[in-house]
Structure formats: structure tokens, C-alpha cells
Peer 1: 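Let me begin by handing over the structure; questions about it come next.
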2 protein chains.
Amino acid sequence: MKVQIDDVDQKILSYLIKNARIPFLEIARECGISGAAIHQRVKKLEDAGIIDGSRFIVKPRALGYEVCAYVGIFLDHAHQYKQVVGRIEAIPEIIECHFTTGNFTFLVKMLCRDNQHLMDVLINTLQNVPGISKTETFISLDQIIDREIRL
Amino acid sequence: MKVQIDDVDQKILSYLIKNARIPFLEIARECGISGAAIHQRVKKLEDAGIIDGSRFIVKPRALGYEVCAYVGIFLDHAHQYKQVVGRIEAIPEIIECHFTTGNFTFLVKMLCRDNQHLMDVLINTLQNVPGISKTETFISLDQIIDREIRL
DNA sequence: GTTGAAATTCATCGTGG
DNA sequence: CCACGATGAATTTCAAC
């Protein structure tokens, strides 16, 4: 699972991380090697699992999702982990879920249309999951940074 | 800043969110309209700021980043907000930063190579920022969900 | 908003150094 | 690992409906 990444791979990734639709030939010109070589390296990186697909980034606001919140989740008992994970996965408003050290068992990131919607998910969905004892909500009033790892 | 998105736009976005490199012509065939129409609609969505670029997703682990952590940041005084933001932006390990309600002033997401690296950022970088009084760290032992909004 | 066709550019294979 | 060359496909533009 450990794959060697050289400088050229890094350079390729640094372009693709910023713009998934950049033509391979443009990267090739920047790197001074042929398009076929870029093609092969990208394929290698994909096969190795280093690249995990690509995505267009859509602003949640534009789709009517005005509220972003993090929710810390407490469990009654640790052994309810699996069932709770299953229930959480079924909640579409949750776009990230981490199993964390510290006070919470889970820390999840949610996108909701408005505060009413957020409350609905908290009260009617999350708190109804067997095993979840309580939650702690942090509403993101402003997302100041959102970027990829620096290569 | 409010733009109308119809069903076709939604369908286009639903494809591009999952795979930024899918050919527009393939989307065109699925939607039953011409490739040129897809091209123009995507351009419209980009110009309207609904689409905020595209990215290849790279697994942090593959690049040697083994540790993902969320850190809650407390400030001495609220008016130090601006300076602290500036300092936080300069920390490359921080890939997200939210201004949040609740106990913390900021909640940031960090990627570090290992626990040693994490500790270094916490002690030598974050705690050295004037205005930051203390921090609370949640290490993500497992990221269970990572997805885009459901369209 | 949409189409269809044209010109350009690209992705993706070989084969071979 | 890489370059080259060929071909089929995709992108992009534009006139026109």
C-alpha cells in the first residue's frame, strides 16, 4: 500500500488537485514530458489508490443549503458503535463522519437548508437513533478556509 | 446571487459531483440534449458561482499524512479575530477553518504526518499565536463518511 | 435555450527505444 | 519509464432556429 511518488507525480497531482479538468497535454507541456507519460502516471496513481476519483465542487448555498454545522455525538455505550454508524450513514444531510478521540464518539459535518431543517435533523433524526445519548452542535457561521493538502 | 437551477442542471451536477472527468457528451446522452447544451449550462453554472471549480481527490495517507484531527480554538478576546485568522491561514496543515457558535471560536481541520507532527503544530505553531488561549483536539481515528451533498 | 456541424484539441492505444 | 504516431472521441465555437 506504500507507493513511491516522485517529483513529477507530485507536480501532476498539484495541477489535478486544483483543476480536475485540466487537459493532460497541458500538464505534459508544463512537466516537459509527453501526454502519454502523464496518462500512464495518472493511471498508476489511480490504480495505486492514491487518487480517489474527482469531483466538481458545488457551493452548498447555491443549492439552498445555508447552514453548515458540526455535531459532536455521545453514545450510551461503546458497543453500539456499529448500529449507530449504520443509522448515521442513512442521513443524507451528514456529509462527513469521524470516529474521534476526546469527548465525542463521533464528530459529523452536516449541511441543512436552514436552522429549522437543522433542528429537525437534530431532534427528529439524530436524537431518535438508539444509542445516541446527547449531541453538541457547532454551527459554522463562516467557513474561512477550505483547501487541499499542500504538496 | 440567486440563480435558478432546473432539473437538467441538477442532473448535470449530480454527474459532475461524482466524477469531474466524465465527458460532457456522456452527460448529454443521459440527459437527451446536445453536448453543446451541456457545455453552455456548465459554463453558466460556473459563471454564476454555483460551481466552484473541480478537484482530484487524493488520499492523504498516500502522501504520508496519517493523522487527521479537528481542533477547537479558544480566544482570549473576541476582537482578536482578524489577526488570528491571518495566522491560521498561514498554517498549511490546516485545510478547513470555521467560525463557529458554541464553546470554540474556531473549529479547524488539520492533516499531519504523524502524532509528533500534530503535537508540533499544536504546541509550536497554534499555541504561539497571540490571542489563542487554549485548544481542544479531536483526533479522527476513522473517517466513516466523506461525500457531497445529495442532489 | 437549443441544435448541428466544423475546426481544434485531446485521450488512449499500440509499438518500440 | 518514456516517446512517437495514429485514430477515434471530445471540446468548443458559431451561425441559425
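Scope of the values below: all heavy atoms of this structure, side chains included, with no hydrogens, waters or symmetry mates.
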Peer 1: Do any side-chain nitrogens or oxygens of B:R29 fall under 4.0 Å of OP1 or OP2 in D:dA10?
Peer 2: yes

Peer 1: I need the CG-C1' distance between B:L45 and C:dG1, as an integer number of Å.
Peer 2: 13 Å

Peer 1: What is the distance, rounded to the nearest whole Å, between atom CZ of B:F24 and atom C1' of C:dT9?
Peer 2: 14 Å

Peer 1: Tell me which of B:G32 and A:P23 sits closer to the 5' end of DNA chain C, going by the nucleotide each one is nearest to.
Peer 2: B:G32

Peer 1: Base, sugar-phosphate, or nothing for A:A37, non-hydrogen atoms under 4.0 angstrom?
Peer 2: sugar-phosphate

Peer 1: Measuring to OP1 and OP2 of D:dT12, would you say a side-chain N or O of B:H39 lies under 4.0 angstrom away?
Peer 2: yes

Peer 1: By the definition side chain to side chain donor-acceptor pair (under 3.5 Å), identify the one residue from B:K109, B:H117, B:R113 that meets it with B:E93.
Peer 2: B:H117

Peer 1: In terms of the nearest nucleotide of DNA chain D, which residue is placed more toward the 5' end: A:R21 or A:S34?
Peer 2: A:S34

Peer 1: If you check every side-chain atom of B:R41, which of C:dC10, C:dG1, D:dC2 has the closest atom?
Peer 2: C:dG1

Peer 1: A:I33 near the nucleic acid: base, sugar-phosphate alone, or nothing, with a heavy-atom cut-off under 4.0 Å?
Peer 2: sugar-phosphate

Peer 1: Less than 3.5 Å apart, any donor N or O on the side chain of A:N103 or A:E136 sitting next to an acceptor on the other?
Peer 2: no

Peer 1: Once you round it to whole Å, what is the distance between C1' of D:dA10 and OH of B:Y15?
Peer 2: 18 Å

Peer 1: Can you list the steps and then say if A:Y15 with A:F24 is a side chain to side chain contact (heavy atoms under 4.5 Å, CB included)?
Peer 2: CA-CA 10 Å; A:Y15 283 103; A:F24 287 180; over 6 Å; no

Peer 1: Which whole-number value in Å describes the distance from A:L25 CG to D:dA9 C1'?
Peer 2: 14 Å

Peer 1: Quick one: A:I27 CD1 to C:dC10 C1', roughly how many Å, whole number?
Peer 2: 12 Å

Peer 1: May I have the distance from A:N19 (atom CG) to C:dC10 (atom P), rounded to whole angstrom?
Peer 2: 13 Å

Peer 1: State plainly whether the residues A:D146 and A:K59 are in salt-bridge range, i.e. N to O under 4.0 Å.
Peer 2: no

Peer 1: Round to a whole Å and report the spacing from CD1 of B:I12 to P of C:dG1.
Peer 2: 13 Å

Peer 1: Using a heavy-atom cut-off of under 4.0 Å over every strand shown, decide if B:Q40 touches base, sugar-phosphate, or nothing.
Peer 2: base

Peer 1: Between CZ of B:R150 and CG of A:L111, what distance do you get to the nearest 0.5 Å?
Peer 2: 12.5 Å

Peer 1: Return the value, rounded to whole Å, for the distance between atom NZ of A:K43 and atom P of C:dT12.
Peer 2: 10 Å

